[in-house]
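Lettering of chains follows the sequences in order, A, B, ..., and the numbering in each one begins at 1. All values below were derived from every heavy atom in this structure, side-chain atoms included, with hydrogens, water molecules and symmetry-related copies excluded.
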2 protein chains.
Amino acid sequence: MSFITEASEAIRESGGRLTSQRRLILELLQESEEHFDAEGLYHQAHERDASVSLATVYRTLNMLKEAGLIDQRYFSREHGREYYEPVAAHEHYHFTCQRCHKVIEFESRLVDQIRQELEAKLGVQMNHTCMCFEGICETCRHNPKNGEEID
Amino acid sequence: MSFITEASEAIRESGGRLTSQRRLILELLQESEEHFDAEGLYHQAHERDASVSLATVYRTLNMLKEAGLIDQRYFSREHGREYYEPVAAHEHYHFTCQRCHKVIEFESRLVDQIRQELEAKLGVQMNHTCMCFEGICETCRHNPKNGEEID
DNA sequence: GTATGTGCAAAACCTTTGCTATAAA
DNA sequence: TTTATAGCAAAGGTTTTGCACATAC
């Protein structure tokens with residue numbers, strides 16, 4: 001089932017309405033299948049339909065997050081801005097290059113094990129994990145040009 | 001070497017000045033040896049010296065962060081507010097209880113291994129790791145009273 | 001004396017919200 | 001027709017900054 005179909009059904013099931021703005025945003029999300037933030041999404045949407053507002057983008061993102069259709073992440077060290085991505089089949093994590101700002105996705109058995117270890121060791125119930133990794137990617141490590149001191 | 005001594009030297013070495021406001025803030029940090037945010041620190045400082053401003057607290061925290069004397073962390077899922085703590089001998093991580101808001105520190109060999117695994121697997125140079133864990137602590141799990149639906 | 005640091009208030013930033021008009025069902 | 005949603009602009013919450021004055025060195 002496509003993202004748009006799934007999201008449309010979720011909206012309808014909860015008594016929501018499939019407005020033209022929401023449809024446009026869903027299309028953009030499905031097309032991109034990448035990481036995006038509210039502002040980037042807003043710019044794309046606004047290009048196609050100048051009537052779309054930033055508030056609607058935020059409201060739609062929150063709605064999709066509540067519905068469990070997108071995940072909210074942080075990518076930069078400062079975490080000043082929220083990013084989103086479609087919910088993926090298996091958990092994965094992100095490494096952001098501080099120089100070229102490329103985001104590398106990866107999976108790790110170790111990361112997955114942490115939850116279990118903590119639940120066992122601390123006796124807690126883990127509901128949410130947030131991890132960001134930052135540094136210099138392989139390409140940039142081998143290209144010391146491109147200026148800018150990092151860390 | 002005490003935190004105050006170390007910080008004072010760092011300030012002087014970088015051509016900075018040990019103002020009364022900075023001295024007060026350093027004292028509070030050394031006393032607390034805990035997690036704190038800008039506002040909490042500001043309130044404490046302001047009690048002892050009503051002339052201390054929030055701006056100075058922020059500036060001092062940033063200075064100490066740059067100097068590598070305190071670490072900046074996030075404890076809540078939303079990351080709306082920055083927390084700080086003295087730089088510790090060994091890396092540790094934090095689990096925050098969503099019900100009682102207690103913060104549990106822990107160490108984990110697994111967490112530490114992730115860096116190495118990623119450096120090997122992705123060929124990156126890891127400069128910064130940010131992790132937050134949230135859920136329900138053991139105590140709260142066994143005390144289903146206290147209302148509030150969580151997640 | 002000279003630069004660095006301070007307080008204040010305003011700005012910056014991202015996100016949310018109140019209100020009225022609009023449009024989906 | 002009814003009620004959810006849109007747009008707008010204003011407010012929210014946290015952190016930063018410009019500026020003139022104060023102060024450590």
Are any of the side-chain nitrogens in Arg48(A) or Glu31(A) under 4.0 Å away from the carboxylate oxygens of its partner?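 Yes, Arg48(A) and Glu31(A) are salt-bridged.
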Take the C1' atoms of the five end pairs on each side of the helix from dG1(C)-dC25(D) to dA25(C)-dT1(D), get both axes, and report the angle to 10 degrees.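 It works out to 30° between the end axes.
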Could you work out, with salt bridge (Lys or Arg N to Asp or Glu O under 4.0 Å) as the rule, every residue matching Glu134(B), not counting sequence neighbours?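 Glu134(B) satisfies salt bridge (Lys or Arg N to Asp or Glu O under 4.0 Å) with no residue once adjacent residues are dropped.
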We want to know whether Gln21(B) and Asp49(B) form a side-chain donor-acceptor pair, criterion being a heavy-atom distance below 3.5 angstrom.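 Checked: Gln21(B)/Asp49(B) side chains show no N/O donor-acceptor pair below 3.5 Å.
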Are side-chain N/O atoms of Ser8(B) and Thr5(B) paired as donor and acceptor at under 3.5 Å?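 No, no side-chain donor-acceptor pair sits under 3.5 Å.
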One pair to check against side chain to side chain contact (heavy atoms under 4.5 Å, CB included): His79(A) and Cys132(A). What are the steps and the verdict? CA-CA 9 Å; His79(A) 293 204; Cys132(A) 326; 3.3 Å; yes
Return the set of residues passing ring-ring contact (aromatic ring centres under 6.0 Å, His included) with Phe75(B) (not counting sequence neighbours), or none when no residue passes.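 So Phe75(B) forms a ring-ring contact (aromatic ring centres under 6.0 Å, His included) with His35(B), Tyr83(B), His94(B).
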Results of ring-ring contact (aromatic ring centres under 6.0 Å, His included) for Tyr42(A) - residues two or more places apart only: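 Partners of Tyr42(A) under the ring-ring contact (aromatic ring centres under 6.0 Å, His included) test: His46(A).
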Under a criterion of less than 4.0 angstrom to any heavy atom of chain A, what are the 5'-terminal and 3'-terminal contacting nucleotides of DNA chain C?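 Nucleotide range with atoms under 4.0 Å of chain A: dC14(C) to dA25(C).
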Table please: side-chain donor-acceptor pairs of residues 22-30 of chain B below 3.5 Å, with sequence neighbours left out.
residue	atom	partner	partner atom	Å
Arg22(B)	NH1	Arg17(B)	O	3.0
Arg23(B)	NH2	Leu18(B)	O	3.4
Gln30(B)	OE1	Phe3(B)	N	3.1
Gln30(B)	OE1	Ile4(B)	N	3.3

If you assign Ile11(A) and Arg81(B) each to the DNA chain D nucleotide with the nearest heavy atom, which residue ends up on the more 5' nucleotide?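 Between the two, 5'-proximity favours Ile11(A).
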Among residues at least two apart in sequence or on other chains, which ones pass side chain to side chain donor-acceptor pair (under 3.5 Å) with Ser14(A)?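 By the side chain to side chain donor-acceptor pair (under 3.5 Å) rule, Ser14(A) matches no residue at all.
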Which residues share a side chain to side chain donor-acceptor pair (under 3.5 Å) with Gln44(B), sequence neighbours left out: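 Expected list: none.
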In residues 41-66 of chain A, which residues come under 4.0 Å of DNA chain D by heavy atom?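 When residues 41-66 of chain A is checked for heavy atoms under 4.0 Å from DNA chain D, the hits, listed by number, are Ser51(A), Val52(A), Ser53(A), Ala55(A), Thr56(A), Arg59(A).
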Which residues share a side-chain contact (heavy atoms from CB on, under 4.5 Å) with Arg115(B), sequence neighbours left out: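 Partners of Arg115(B) under the side-chain contact (heavy atoms from CB on, under 4.5 Å) test: Glu91(B), Met126(B), Thr129(B).
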Determine whether Gln113(A) and Arg109(A) satisfy the following criterion, side chain to side chain contact (heavy atoms under 4.5 Å, CB included), listing intermediate values before the conclusion. CA-CA 6 Å; Gln113(A) 282 169 29; Arg109(A) 246 177 272 123; 4.1 Å; yes
Each nucleotide N or O in nucleotides 23-25 of chain D that has a protein N or O under 3.5 Å away: list the pair and distance.
residue	atom	partner	partner atom	Å
dA24(D)	N3	Arg17(B)	NH1	3.0
dC25(D)	OP1	Leu18(B)	N	3.3

Would you mind writing out the side-chain donor-acceptor pairs for residues 60-71 of chain B within the sub-3.5 Å range, not counting sequence neighbours?
residue	atom	partner	partner atom	Å
Thr60(B)	OG1	Thr56(B)	O	2.8
Asn62(B)	ND2	Tyr58(B)	O	3.4
Lys65(B)	NZ	Gln72(B)	OE1	3.4

Which part of the nucleic acid, if any, lies within contact of Glu82(A), taking any heavy atom under 4.0 Å across all strands shown: a base, the sugar-phosphate backbone alone, or nothing?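 Sugar-phosphate, backbone atoms only, no base.
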Quickly work out the Tyr74(A) OH to dT14(D) P distance and round it to whole Å.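 Taking OH of Tyr74(A) and P of dT14(D), I get 13 Å after rounding.
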